[in-house]
Trainee: 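Please find one structure pasted underneath; my questions will follow.
Positions are given from 1, in the same order as the sequence printed here. These values consider heavy atoms only, across backbone and side chains, with no hydrogens, waters or symmetry-generated copies.
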Amino acid sequence: MSNQLARHELMFNIHYSHSLADMNACYYQRISSSITFLSILLGTTVMATNLNSLFVGFLVTAFSTFSFVVKPGEKGVLFQIQQKRYIELIETSLSDTELMQAFQVIQKDDLKTIRNFEAAAYIRAGKIMGLDVSDKQLTRFQFFMTHLGGETLKRKDN
């Protein structure tokens, strides 16, 4: 019984990590695409009109600086790679010990995640594992961020 419980907890942790990596990948890819789109849009606005060029130029500079410093596109790709590694782990038929070792190896490469995704990842992992997570709630900001991260959970009664 203890061995089954340990594997169940391990699988929950793997699903949790997978959900967290998936939401972060989607979020950063969406941010990267939005910044690229807005930079191009604002750049063409400066060329097409006499709109307040200083303000638009400042926005383009701010978006470019953010993109250069934070590197959302690169982070999105790295999270996507981690997410795929967790999928492989979920679909494998390793023994408990081998599964734990493989999980620990993958976790060493984990990136710093956005904390607002943690509650949603917990709920998603619980639902996948068949646990009752209906008492878990998301704050309004977590709900908003979760949807930016590609998740479709409700704020309450999941």
Trainee: Do you know which two heavy atoms are closest between Ile35 and Ser67, and how far apart they sit?
Mentor: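 Residues Ile35 and Ser67, closest heavy atoms: CG2-CB, 4.0 Å.
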Trainee: Looking at Glu88, is its backbone amide N or carbonyl O close enough to the side chain of Thr92 to form a donor-acceptor pair, meaning the two atoms are under 3.5 Å apart?
Mentor: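 Such a contact is absent between Thr92 side chain and Glu88 backbone.
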Trainee: Hydrophobic clusters here meaning ILVMFWY residues chained together by side-chain heavy-atom distances under 4.5 Å, can you tell me if Leu94 and Ile87 are in one?
Mentor: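 Different clusters.
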Trainee: Same cluster or not: Phe58 versus Ile40, using hydrophobic residues (I, L, V, M, F, W, Y) connected whenever any side-chain heavy atoms lie under 4.5 Å apart?
Mentor: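 Unlinked, Phe58 and Ile40 end up in two clusters.
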Trainee: Locate the shortest heavy-atom distance separating Thr139 from Arg155; write the atom from each residue and the value.
Mentor: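 Distance-wise, the nearest heavy atoms are C-NE, 3.8 Å.
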Trainee: So which pairs with a foot in residues 110-133 pass ring pair (Phe, Tyr, Trp, His ring centres under 6.0 Å), sequence neighbours left out?
Mentor: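 Checked against ring pair (Phe, Tyr, Trp, His ring centres under 6.0 Å) - neighbours excluded - the pairs reaching residues 110-133 are Phe12-Tyr122, Tyr27-Phe117.
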Trainee: Is atom NZ of Lys84 surrounded by more than 12 heavy atoms (other residues, nucleotides or ligands) closer than 6.0 Å?
Mentor: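 Open.
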Trainee: Taking all heavy atoms of Ala119 and all of Gln142, pick out the closest pair and write down the distance.
Mentor: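 Scanning both residues completely, I find the closest heavy atoms to be CB-NE2, 3.8 Å.
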Trainee: Evaluate side chain to side chain contact (heavy atoms under 4.5 Å, CB included) for Thr113 paired with Phe79, printing each intermediate quantity in order.
Mentor: CA-CA 9 Å; Thr113 60; Phe79 273 113; 3.7 Å; yes
Trainee: Less than 4.5 Å apart, any side-chain heavy atom of His18 and any of Leu89?
Mentor: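 Of all side-chain heavy-atom pairs linking Leu89 with His18, none is under 4.5 Å.
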Trainee: Just so I know, are the side chains of Leu78 and Gln82 near enough to count as touching, which here means a heavy-atom distance under 4.5 Å?
Mentor: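 Answer no - side chains too far apart.
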Trainee: Let me confirm one number: the CZ-CE distance from Phe103 to Met11, rounded to the nearest 0.5 Å.
Mentor: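 Atom-to-atom, Phe103:CZ and Met11:CE are 10.0 Å apart.
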Trainee: Are any non-hydrogen side-chain atoms of Arg85 and Val105 less than 4.5 angstrom apart?
Mentor: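 In contact.
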Trainee: State the CE-CZ distance between Met145 and Arg115, to the nearest 0.5 angstrom.
Mentor: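 If I round to the nearest 0.5 Å, the distance is 13.0 Å.
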Trainee: Nearest 0.5 angstrom please: Leu148 CG to Met23 CE, how far?
Mentor: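 Taking CG in Leu148 and CE in Met23, the distance rounds to 12.0 Å.
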Trainee: Side-chain contact test, heavy atoms from C-beta onward, threshold under 4.5 Å: evaluate it for Arg7 versus Leu99 and give yes or no.
Mentor: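 The answer is yes; the side chains approach within 4.5 Å.
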Trainee: Inspect the contact between Arg124 and Asp22 and indicate whether a charged nitrogen and a carboxylate oxygen are less than 4.0 angstrom apart.
Mentor: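 No salt bridge links Asp22 with Arg124.
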Trainee: Output the distance between atom CD (Gln104) and atom CD1 (Ile106), rounded to the nearest 0.5 Å.
Mentor: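 Here the interatomic distance stands at 11.0 Å.
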Trainee: Can you check whether Ile31 reaches Val70 side chain to side chain, under 4.5 Å on heavy atoms?
Mentor: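 Result no, sub-4.5 Å side-chain heavy-atom pair not found.
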Trainee: If you define the side chain from C-beta out and look only at heavy atoms, does anything of Ile114 sit under 4.5 Å from Tyr28?
Mentor: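 Side chain of Ile114 against side chain of Tyr28, heavy atoms only: contact under 4.5 Å found.
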Trainee: Measure across Val60 and Ser39 and return the closest heavy-atom pair with its distance rounded to 0.1 Å.
Mentor: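 Answer, listing the atom of Val60 first, then Ser39: CG2-O, 4.2 Å.
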Trainee: Working to the nearest 0.5 Å, report the span between CD of Gln83 and OG of Ser19.
Mentor: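 Taking CD in Gln83 and OG in Ser19, the distance rounds to 9.0 Å.
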Trainee: Can you check whether Arg30's main-chain N or O pairs, donor with acceptor, with Ser34's side chain at less than 3.5 Å?
Mentor: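 Yes, the answer is positive, given that a donor and an acceptor are paired below the 3.5 Å cut-off.
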Trainee: Check whether any side-chain heavy atom of Tyr86 sits under 4.5 Å from a side-chain heavy atom of His15, and report yes or no.
Mentor: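 No, side chains not in contact.
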Trainee: Could you pull out the closest heavy-atom pair between His147 and Thr152, with the gap in Å?
Mentor: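 His147 and Thr152 have their closest heavy atoms at NE2-CA, 4.1 Å.
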Trainee: Run Leu138 and Thr146 through side chain to side chain contact (heavy atoms under 4.5 Å, CB included) and show every step you take.
Mentor: CA-CA 9 Å; Leu138 300 174; Thr146 298; 4.2 Å; yes
Trainee: Hey, quick one: are Ile128 and Val133 part of the same hydrophobic cluster, counting side-chain heavy atoms closer than 4.5 Å, chains of contacts allowed?
Mentor: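 The answer is no; the residues belong to distinct hydrophobic clusters.
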Trainee: To the closest 0.5 Å, what do you measure between OG (Ser134) and NZ (Lys154)?
Mentor: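 If I round to the nearest 0.5 Å, the distance is 10.0 Å.
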Trainee: Please examine the side chains of Met100 and Asn13, heavy atoms only from C-beta on, and report whether any two atoms are closer than 4.5 Å.
Mentor: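 They are not in contact (no side-chain heavy atoms under 4.5 Å apart), so the answer is no.
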